[in-house]
There are 2 protein chains.
Amino acid sequence: MHIDNVRQVQPEVLSTEKAQRMAEFFSALSDPHRLKLLSALAHQELCVCDLAAAVKMGESAVSHQLRVLRSQRLVKYRRQGRNVYYSLADSHIAALYREVAEHLEES
Amino acid sequence: MHIDNVRQVQPEVLSTEKAQRMAEFFSALSDPHRLKLLSALAHQELCVCDLAAAVKMGESAVSHQLRVLRSQRLVKYRRQGRNVYYSLADSHIAALYREVAEHLEES
DNA sequence: TCTTTACCTGAACCATTATTCAGACGGGAA
DNA sequence: TTCCCGTCTGAATAATGGTTCAGGTAAAGA
């Protein structure tokens with residue numbers, strides 16, 4: 001054990017609150033079905049039933065997953081008649097996607 | 001249901017394999033303790049017992065979490081005598097961190 | 001060699017999360 | 001109003017993930 005190293009690093013460690021918030025954000029991205037939904041929405045705005053058909057999931061399951069994405073503000077939505085149209089919330093998501101894709105390409 | 005929209009989007013949807021790999025990557029980042037470990041390593045290289053002290057976890061728990069980070073190549077390590085020193089694997093991690101922090105700042 | 005320190009591993013237990021099903025709500029059309 | 005369609009919700013079950021404990025390996029020193 002090297003107490004001096006520990007003391008140096010301790011103030012740099014993420015606070016529990018920030019670590020928690022960040023973990024919740026990554027959790028929202030840690031499911032293949034949700035990533036498929038996002039990749040579909042990256043292309044165009046879609047309503048729930050179309051999303052379900054595009055990624056081959058039940059509509060209820062899609063609705064549950066969209067709630068998770070909504071809770072982290074990854075998607076936004078608008079109601080039009082009987083349909084609710086979802087789309088990506090902001091541009092960070094696309095940048096994030098590229099970063100990760102790049103990391104995963106490296107063998 | 002709008003079959004034309006579904007047909008347009010379907011080829012843009014992530015393949016199951018890629019979605020799976022990406023989900024596993026984000027899963028590795030979806031735990032507050034692992035994020036604390038990474039934030040410590042972003043500052044300097046550390047051995048397991050110092051990491052455990054810095055983030056106030058048991059050494060066994062740290063070892064388990066490091067295995068997850070290793071499996072996604074988020075960290076690398078080298079043995080020196082009885083100690084194993086861990087550090088961040090590459091520069092994408094820092095960029096990723098900034099992207100997410102920016103997203104989370106937006107209220 | 002025997003002991004100690006640092007680290008890793010597997011299994012058990014507990015907590016969290018995903019999926020499905022059934023039903024409810026809300027808007028539009030008859 | 002009544003019915004249908006699209007969407008959401010809550011509960012039950014199944015699966016996944018984290019922590020702890022006990023034990024096991026590897027390296028250094030007595």
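Labels below follow one simple rule: chain letters A, B, ... track the order of the sequence lines, proteins then strands, and each chain is numbered from 1. Quick caveat: nothing in here was measured; it's all calculated off a predicted structure.
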Enquirer: Please compare Arg67(A) and Asn83(A) by the position of their nearest nucleotide in DNA chain D and report the one closer to 5'.
Expert: Asn83(A)

Enquirer: In this structure, how many angstroms lie between the P atom of dG18(D) and the CD atom of Gln20(A), rounded?
Expert: 13 Å

Enquirer: Please write out which residues are connected to Met1(A) in a hydrophobic cluster, directly or through intermediates, given that two of Ile, Leu, Val, Met, Phe, Trp, Tyr count as joined at side-chain heavy-atom separations below 4.5 angstrom.
Expert: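 The other cluster members (ILVMFWY side chains, heavy atoms under 4.5 Å, direct or chained) are Ile3(A), Val6(A).
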
Enquirer: May I have the distance from Gln72(A) (atom CD) to dT17(C) (atom P), rounded to whole angstrom?
Expert: 11 Å

Enquirer: Answer yes or no: does a side-chain N or O of Tyr77(B) lie under 4.0 Å from OP1 or OP2 of dA6(C)?
Expert: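 Result: no.
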
Enquirer: Does Arg70(A) reach the main-chain N or O of Lys76(A) with its side chain, forming a donor-acceptor pair under 3.5 Å?
Expert: no

Enquirer: Measure the distance from CD on Glu59(B) to P on dG24(D) and round it to the nearest whole Å.
Expert: 19 Å

Enquirer: Pairs in or reaching into residues 50-69 of chain A: which pass ring-ring contact (aromatic ring centres under 6.0 Å, His included), with residues at least two apart or in two chains?
Expert: none

Enquirer: Taking only residues two or more places apart in sequence, or in another chain, which ones meet Arg67(A) in a salt bridge (charged side-chain N to carboxylate O under 4.0 Å, His left out)?
Expert: none

Enquirer: Taking all non-hydrogen atoms of both residues into account, name the closest pair between Pro32(A) and Ala19(B) and its distance.
Expert: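 Closest pair (atom of Pro32(A), atom of Ala19(B), distance): O-CB, 3.7 Å.
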
Enquirer: Does dC8(D) have OP1 or OP2 sitting under 4.0 Å from an N or O in the side chain of Tyr86(A)?
Expert: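 Affirmative; the distance criterion is met.
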
Enquirer: For every nucleotide of nucleotides 18-30 of chain C, 5' to 3': is a protein heavy atom under 4.0 Å from its base (B), only from its sugar-phosphate (S), or from neither (-)?
Expert: SSBBB----BS--

Enquirer: I'd like to check the ring pair (Phe, Tyr, Trp, His ring centres under 6.0 Å) partners of Tyr85(A); sequence neighbours left out, ordered by chain and number.
Expert: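 Once residues adjacent in sequence are excluded, Tyr85(A) has no partner under the ring pair (Phe, Tyr, Trp, His ring centres under 6.0 Å) criterion.
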
Enquirer: Measure from CZ on Arg70(B) to P on dC7(C) and round the result to the nearest Å.
Expert: 12 Å

Enquirer: Starting from the C-alpha separation in whole Å, work towards a yes-or-no answer on side chain to side chain contact (heavy atoms under 4.5 Å, CB included) for Lys36(B) and Lys18(A).
Expert: CA-CA 9 Å; Lys36(B) 284 190 179 189; Lys18(A) 285 189 178 177; over 6 Å; no

Enquirer: Let me know the distance between CZ of Arg78(B) and C1' of dA26(D), rounded to the nearest Å.
Expert: 17 Å

Enquirer: Rounded to the nearest Å, what distance is computed from the CG atom of residue Leu51(A) to the P atom of nucleotide dT7(D)?
Expert: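 Going from Leu51(A) (CG) to dT7(D) (P), I get 9 Å.
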
Enquirer: Let me know the distance between OH of Tyr85(A) and C1' of dC5(D), rounded to the nearest Å.
Expert: 13 Å

Enquirer: Contact list please: residues 35-49 of chain B against DNA chain C, heavy atoms, distance less than 4.0 Å, in numerical order.
Expert: Cys47(B), Val48(B), Cys49(B)

Enquirer: Roughly, in whole Å, what's the span from CG in Asn5(B) to C1' in dG6(D)?
Expert: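 So the CG-C1' distance, Asn5(B) to dG6(D), works out to 15 Å.
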
Enquirer: Specify the closest pair of heavy atoms between Gln72(B) and Phe25(B), including all atoms of both residues, with the distance to one decimal.
Expert: OE1-CA, 3.5 Å

Enquirer: Begin with the C-alpha distance, continue with both residues' side-chain angles, and end with the deciding distance and a verdict on side chain to side chain contact (heavy atoms under 4.5 Å, CB included) for His2(B) and Cys47(A).
Expert: CA-CA 9 Å; His2(B) 315 88; Cys47(A) 66; 3.8 Å; yes

